[in-house]
Amino acid sequence: MRVGDFARTIGGKALPKGTFVEILMEFQDGIFLCGCANGNHIVVEQNLELVEE
């Protein structure tokens with residue numbers, strides 16, 4: 001996954017499953033700042049599923 005990609009959450013505590021997010025920044029390998037309608041959240045890659053365009 002790269003900055004600018006869109007994904008859906010598949011797990012985690014901060015966001016409900018299926019939340020649509022945009023990857024805004026990568027802090028470390030596999031740790032992303034993601035933006036969604038509820039604000040910005042830090043999400044690990046294992047809790048994201050890339051959305052095919």
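Note that the structure is predicted; figures quoted are calculated from it, not measured. The first residue in the sequence is number 1, and the count goes up from there.
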Listed pairs under 3.5 Å, donor-acceptor, residues 38-49 side chains, sequence neighbours left out:
none

Notebook entry, point to check: Between atom SG of C34 and atom CE of M1, what is the distance when rounded to the nearest 0.5 Å?
Noted result: 8.5 Å
Only distances under 3.5 Å count here; give the side-chain donor-acceptor pairs of residues 14-30 to other protein atoms, sequence neighbours excluded, each with its distance to 0.1 Å.
{"residue": "T19", "atom": "OG1", "partner": "P16", "partner atom": "O", "Å": "2.7"}
{"residue": "E26", "atom": "OE2", "partner": "G30", "partner atom": "N", "Å": "3.2"}

Note to self: Hydrophobic clusters here meaning ILVMFWY residues chained together by side-chain heavy-atom distances under 4.5 Å, can you tell me if L33 and I31 are in one?
What the structure shows: yes
